Peer 1: 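Submitted below is the structure of interest, expressed as structure tokens.
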Amino acid sequence: MKEIIKNIYHVGDSGCSVYLINTNSKEGLVLIDCGMSLDMIKKISKIGLNPKNINHCILTHMHIDHTGVCSKMKQVKFYAHNLDADAIEESGHDSKTAASWYGVDYKPVKLERRLKGDLEKIQLGQYEFHCIYTPGHTPGSISVLLEVDNIKILFGQDIHGPFSKSFESNLDDYQKSMQKLLDLNADILCEGHYGVIKPASEVNRFISSHMRNNRP
């Protein structure tokens, strides 16, 4: 568990990196993805945060390493893009969700809200979560931008890939999405499997290098 900046934490890695925002309001705690280990998430109690106060989780895409413990978090409201939503809410999408890669069963959950279009905003306490449509890795991948005290924090999960026909990856869409992220000039990147990357120059280098490595 590591504080990135005040109220924003890298919880750890359990299949994917899980990030947490403490809104210090009635909205409670917000997760960006939930990974595959509820025990890991419960360890936030070690820094005085109550796992029972996790009220919201924004899912960046449908893959099971990012959604695996959703069904165990009964009090949580989940958000995801409409184009990945069916695989999150229904069973029988084992190829799309990569559940077959991991050899595990995915238990569907109902979404509080299906995000649509290029940008939707979710206001939770003092924080405005900009959910940016960034397809490529999956058809409904999103990235999440927060701006706190003039610091831009980008939750850009799975910028590195991988890409597969089985979950409908599209490298043309990916290139456009990554350019969109570069144009944000984020100060901190919280990536799905590489952890926290900063400063802005390193964020730019990281995204650009993966764009070069994943051309159509």
Side-chain angles (χ1 to χ4, degrees), residues 1-82 84-85 88-89 106-116 119-133 140-158 186-192 195-196:
M1 186 84 174
K2 180 180 179 182
E3 189 172 45
I4 301 168
I5 64 171
K6 185 179 179 181
N7 294 326
I8 300 179
Y9 302 87
H10 183 195
V11 177
D13 190 312
S14 66
C16 79
S17 282
V18 174
Y19 299 96
L20 180 143
I21 298 90
N22 181 7
T23 69
N24 285 309
S25 75
K26 64 181 182 180
E27 299 294 351
L29 306 175
V30 181
L31 292 180
I32 307 293
D33 290 331
C34 62
M36 300 179 75
S37 171
L38 188 59
D39 287 340
M40 183 193 77
I41 292 172
K42 287 179 178 179
K43 289 180 180 178
I44 67 172
S45 60
K46 292 183 177 180
I47 60 166
L49 298 175
N50 188 342
K52 292 181 179 179
N53 290 335
I54 299 173
N55 293 328
H56 306 272
C57 179
I58 301 174
L59 300 171
T60 61
H61 62 289
M62 61 187 170
H63 286 163
I64 195 165
D65 52 329
H66 296 253
T67 65
V69 298
C70 288
S71 63
K72 297 179 181 178
M73 304 174 74
K74 304 300 184 183
Q75 80 278 14
V76 176
K77 295 177 180 178
F78 296 98
Y79 308 79
H81 195 275
N82 187 55
D84 275 14
I88 294 169
E89 292 193 312
Y106 170 68
K107 295 179 180 175
V109 293
K110 185 68 176 175
L111 294 172
E112 173 72 13
R113 179 171 157 191
R114 288 185 173 216
L115 308 173
K116 299 178 181 179
L119 173 66
E120 284 214 34
K121 299 175 184 178
I122 302 172
Q123 187 74 43
L124 298 170
Q126 64 180 308
Y127 296 102
E128 186 175 65
F129 295 80
H130 290 225
C131 300
I132 304 163
Y133 181 45
S141 289
I142 63 169
S143 302
V144 182
L145 182 70
L146 280 181
E147 190 162 354
V148 181
D149 296 331
N150 295 317
I151 298 172
K152 291 181 179 180
I153 305 156
L154 175 63
F155 301 91
Q157 304 285 62
D158 289 20
D187 299 291
I188 300 172
L189 171 63
C190 299
E191 212 270 346
V196 180

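Being a predicted model, the structure only gives us computed values, none of them experimental. By convention here, the first residue in the shown sequence is residue 1.
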Peer 1: Under 3.5 Å, is there a donor-acceptor pair between the side chain of Asp13 and the main chain of Gly195?
Peer 2: no
Peer 1: Would Ile132 and Leu145 count as a side chain to side chain contact (heavy atoms under 4.5 Å, CB included) here? Give the steps.
Peer 2: CA-CA 8 Å; Ile132 304 163; Leu145 182 70; 4.0 Å; yes
Peer 1: Is the His61 ring parallel, tilted or perpendicular to the His66 ring (thresholds 30°, 60°)?
Peer 2: tilted
Peer 1: Assess the residue pair Cys131 and Ile58 against the criterion (side chain to side chain contact (heavy atoms under 4.5 Å, CB included)); give the C-alpha distance rounded to whole Å, side-chain angles, the decisive distance to 0.1 Å, and a yes or no.
Peer 2: CA-CA 9 Å; Cys131 300; Ile58 301 174; 4.3 Å; yes
Peer 1: Do His81 and Tyr133 have side-chain atoms, one donor and one acceptor, less than 3.5 Å apart?
Peer 2: no
Peer 1: Please find the pair of heavy atoms, one from Gly12 and one from Met40, that lie closest to each other, and give the distance.
Peer 2: C-SD, 3.5 Å
Peer 1: Indicate the atoms forming the closest heavy-atom contact of Gly156 with Glu191, along with that distance.
Peer 2: O-CG, 3.4 Å
Peer 1: Report the C-alpha separation of Asn55 and Glu27 in whole Å, then their side-chain angles, then the decisive distance to 0.1 Å, and conclude whether the side chain to side chain contact (heavy atoms under 4.5 Å, CB included) test is met.
Peer 2: CA-CA 7 Å; Asn55 293 328; Glu27 299 294 351; 5.6 Å; no
Peer 1: For the side chain of Gln157 and the backbone of Ser17, is there at least one donor-acceptor N/O pair under 3.5 Å apart?
Peer 2: yes
Peer 1: What are the two closest heavy atoms between Gly15 and Asp65, and how far apart are they?
Peer 2: O-OD2, 3.6 Å
Peer 1: Minimum heavy-atom separation for Ile47 and Met1, please, with both atom names.
Peer 2: CD1-CE, 3.1 Å
Peer 1: If you compare all heavy atoms of Ala80 against all heavy atoms of Ile88, which two are closest, and at what distance to 0.1 Å?
Peer 2: CB-CD1, 3.5 Å
Peer 1: Would you say Asn82's side chain and Lys116's backbone share a donor-acceptor pair under 3.5 angstrom?
Peer 2: no
Peer 1: Quick one: ring pair (Phe, Tyr, Trp, His ring centres under 6.0 Å) pairs with a partner in residues 19-52, sequence neighbours left out?
Peer 2: His10-Tyr19, Tyr19-Phe155
Peer 1: How close do Gly35 and Val18 get, heavy atom to heavy atom, and via which atoms?
Peer 2: N-CG2, 3.7 Å
Peer 1: So, applying side-chain contact (heavy atoms from CB on, under 4.5 Å) with Val30, which one of Thr23, Leu20, Asn22 is it?
Peer 2: Thr23
Peer 1: Only counting residues at least two apart or in another chain, list the ones meeting side chain to side chain contact (heavy atoms under 4.5 Å, CB included) with Ile151.
Peer 2: Ile153, Asp187, Ile188
Peer 1: Can you find a pair of side-chain heavy atoms, one from Ile21 and one from Tyr127, that are under 4.5 Å apart?
Peer 2: yes
Peer 1: Is there a donor-acceptor contact under 3.5 Å from the side chain of Tyr106 to the main chain of His63?
Peer 2: no
Peer 1: Begin from the C-alpha positions of Glu120 and Ile142 and carry the test side chain to side chain contact (heavy atoms under 4.5 Å, CB included) through to its verdict.
Peer 2: CA-CA 10 Å; Glu120 284 214 34; Ile142 63 169; over 6 Å; no
Peer 1: Determine whether a donor-acceptor pair (N or O, by modelled atom type, separation under 3.5 Å) exists between the side chain of Glu128 and the backbone of Lys121.
Peer 2: no
Peer 1: Does Ser141 reach the side chain of Asp158, with side-chain heavy atoms less than 4.5 Å apart?
Peer 2: no
Peer 1: How about Cys34 and Met73: do any of their side-chain heavy atoms sit closer than 4.5 Å?
Peer 2: yes
Peer 1: Which residue pairs pass the side-chain hydrogen bond (donor to acceptor under 3.5 Å, both in side chains) test when at least one of the two sits in residues 142-151, sequence neighbours left out?
Peer 2: Thr134-Ser143
